[in-house]
Amino acid sequence: MRKFDALVLGGGAAGLLCAIEAGKRGRRVAVLEHADRVGKKILISGGGRCNFTNICCQPENFISANEHFAKSALARYTPADFIALVERHGIPYHEKTLGQLFCDRSAQDIIDLLESECRAAGVQTFLQSRIREVQRTTEFVVRTESREFRAPVVVVATGGLSIPKMGATPFGYELSRQFGLKIVETKPALVPFVLSGKDRSRYCDLAGVSAEVVAKANHHAFREKLLITHRGLSGPAILQVSSYWEKGQPIQIDLAPDHDIAPAIRAAKVRNSAAAQRAFQGILPKRFAERWLENNLPAAWNNDALAKWEKQVHEWVIKPADTEGYEKAEVTAGGVDTADLSSKTMESLKVKGLFFIGEVVDVTGHLGGFNFQWAWASGAAAGRAL
Ligand SMILES: Cc1cc2nc3c(=O)[nH]c(=O)nc-3n(C[C@H](O)[C@H](O)[C@H](O)COP(=O)(O)OP(=O)(O)OC[C@H]3O[C@@H](n4cnc5c(N)ncnc54)[C@H](O)[C@@H]3O)c2cc1C
């Protein structure tokens, strides 16, 4: 039996940062991780280069049933705090686009940083430690296959359901139910869409074609790239709106943001589909424009019909059949209800000493480094309160 001041369940981004902050304050901290190494998801993040934060981070970049919940933690541990850590470790990085910071070399740099900070803070890590049960007597008792750990504090940092192959489990949600905390229904987010059979046969042989669009779902719009895949739609614009999409709803796509297409057709010598294709030149890839026109020709070539059709170009309505699910989702939306947590410390308001941080909580960031920033910020909020 091993006694600690705090047990952190899950050695991902949030758990490690929390352990570092608590260790630095002199707490004896153990991280229990069921995989054979920590930070596996960090390693595959950002295409292997880890988009570790976003310098334009605002509360508006997060989705939660309580839109105010994340503000306090985000204000107390900012992108500048994490960047300072990255710079202290001499990790080269760059801004890719829209404030997104990536490692120049590899996401392994971020794991090395976290492991080195853990060592300096005296954090003990127990790998291949699958947690069998958590009980609360006068303190918490956590049992794995081979060991028993005790501490007055348990921090749940076991992440969401996305990418089960990487070790994702519903453990955090189960534990929260065990202790009487509510769960906001979970769903895959930042996830590609699958199109219905009809739309798939219309567009999916163009897999690999991409275009800059404005995609909209549930009144939330994102101007970024759309990518056609073998089964549907992906690309940053689509991943972003997927977090707001509800099954059965359509999405709207502006195929020519900031451009009017109809005037070029009206001005053409002959108004026909060739003129329409030319009007898309430089705006949509040729194959995409051709295919889209085959399926969405104006009802007629008079000015009235062209005006209606122009609207359709900017509001192409398409109804995804589904998403690609947790197998391909970057994150899990929903999670432990923030109404049951302190926004300052992430401690349960019902169970003293029980904390929830990172993706398991009902706070989901937009694409672009915001999910790691939430992991760091919520981890720091808890770590400093232990
Ligand atoms: C492919 C991909 C790319 C991504 N790229 C980015 C990016 O570039 N930028 C960004 O901001 N976000 C990115 N994300 C999202 C980001 O990785 C997560 O939001 C973030 O890792 C969440 O941190 P976390 O610590 O809460 O959970 P995780 O990092 O998932 O950590 C949870 C840990 O708990 C462990 N665990 C789970 N169950 C148990 C159990 N029962 N017992 C013991 N241990 C357990 C897991 O093995 C894991 O190590 C990406 C996600 C994916 C899938």
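In listed order, ligands and their atoms are each counted from 1. For clarity, every value in this text was computed on a predicted model and none was experimentally measured.
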Which protein non-hydrogen atom lies closest to [atom], naming both residue and atom, and how far is it?
atom: atom 22 (C) of ligand 1; result: Glu359 OE1, 3.4 Å
atom: atom 25 (O) of ligand 1; result: Ala14 N, 2.9 Å
atom: atom 34 (O) of ligand 1; result: Gly10 CA, 3.3 Å
atom: atom 27 (O) of ligand 1; result: Gly159 CA, 3.4 Å
atom: atom 38 (N) of ligand 1; result: Thr169 OG1, 2.7 Å
atom: atom 42 (N) of ligand 1; result: Ile131 CD1, 3.5 Å
atom: atom 35 (C) of ligand 1; result: Glu33 OE1, 3.3 Å
atom: atom 37 (C) of ligand 1; result: Thr158 O, 3.4 Å

Q) Between Asn296 and Gln312, is any side-chain donor less than 3.5 angstrom from a side-chain acceptor? A)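 Side chains of Asn296 and Gln312: pair found under 3.5 Å.
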
Q) Does one side chain, of Asp81 or Thr78, offer a donor that lies under 3.5 Å from an acceptor on the other? A)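 Looking only at side-chain atoms, Thr78 and Asp81 do form a donor-acceptor pair, the distance falling under 3.5 Å.
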
Answer with yes or no whether [X] contacts ligand 1, where contact means a heavy atom under 4.0 Å from a ligand atom.
X: Glu330; value: yes
X: Ser162; value: no
X: Val331; value: yes
X: Arg130; value: no

Check ligand 1 against [X] and write out every atom of the ligand that is under 4.0 Å from a heavy-atom position of the residue.
X: Gly12; answer: 25 (O), 29 (O), 31 (O), 33 (C), 49 (O)
X: Asn371; answer: 11 (O), 12 (N), 19 (O)
X: Ile163; answer: 53 (C)
X: Asn51; answer: 7 (C), 8 (O), 9 (N), 10 (C), 11 (O)
X: Ala157; answer: 32 (C), 33 (C), 34 (O)
X: Ile44; answer: 1 (C)
X: Gly167; answer: 37 (C), 47 (O)
X: Phe370; answer: 11 (O)

Ignoring hydrogens, what is the shortest heavy-atom contact between [X] and [Y]? Give both atom names and the distance.
X: Cys204; Y: Leu195; value: SG-CD1, 4.4 Å
X: His314; Y: His259; value: CE1-O, 2.8 Å
X: Asp260; Y: Glu310; value: CA-OE2, 3.5 Å

Q | NZ/Lys24: more than 12 non-hydrogen atoms of other groups inside 6.0 Å | A |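 Check passes, neighbour count above 12.
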
Q) Do other residues, nucleotides or ligands put more than 12 heavy atoms under 6.0 Å from the CD atom of Glu174? A)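 Enclosed: over 12 neighbouring heavy atoms sit under 6.0 Å from CD of Glu174.
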
Under the 3.5 angstrom rule, does the side chain of [X] hit a backbone N or O of [Y] as a donor-acceptor pair?
X: Arg27; Y: Leu386; result: yes
X: Ser378; Y: Gly358; result: yes
X: Glu21; Y: Ala381; result: no

Q.
With a heavy-atom distance limit of 4.0 Å, tell me whether Phe372 approaches ligand 1 through its side chain, its backbone, both, or neither.
A.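 Both backbone and side chain.
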
Would you say ligand 1 has an N or O under 3.5 Å from any N or O of [X]?
X: Ala13; result: yes
X: His34; result: yes
X: Ser129; result: no

Q) Are the aromatic ring centres of Phe52 and Tyr93 under 6.0 angstrom apart? A)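 Centroid distance Phe52-Tyr93: below 6.0 Å, so yes.
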
Q) According to the interplanar angle, ranging from 0 to 90°, do the rings of Trp245 and Phe193 count as parallel (below 30°), tilted (30 to 60°) or perpendicular (above 60°)? A)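 Aromatic pair Trp245/Phe193 classed perpendicular.
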
Q.
As an exercise, state the distance from CD1 of Ile110 to CG of Leu43, rounded to the nearest 0.5 Å.
A.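 CG of Leu43 is found 11.5 Å from CD1 of Ile110.
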
Q. Does any non-hydrogen side-chain atom of Ile261 lie less than 4.5 Å from one of Leu255?
A.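 A side-chain contact is absent here, since even the closest heavy-atom pair is not under 4.5 Å.
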
Q. So which of Lys40, Lys41, His366 gets nearest to atom 30 (O) of ligand 1, if we judge by its closest heavy atom?
A.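 Checking each option, the heavy atom nearest atom 30 (O) of ligand 1 is found in Lys41.
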
Q: Between Gly335, Gly160, Ser45, flag the one that comes closest to atom 6 (C) of ligand 1 by a heavy atom.
A: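 Selected option, by shortest heavy-atom distance: Ser45.
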
(Q) Cation-pi check for Phe288 against Arg291: NZ or CZ below 6.0 Å from the six-membered ring centre and within 45 degrees of the axis, yes or no? (A)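 Output no; distance or angle outside limits.
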
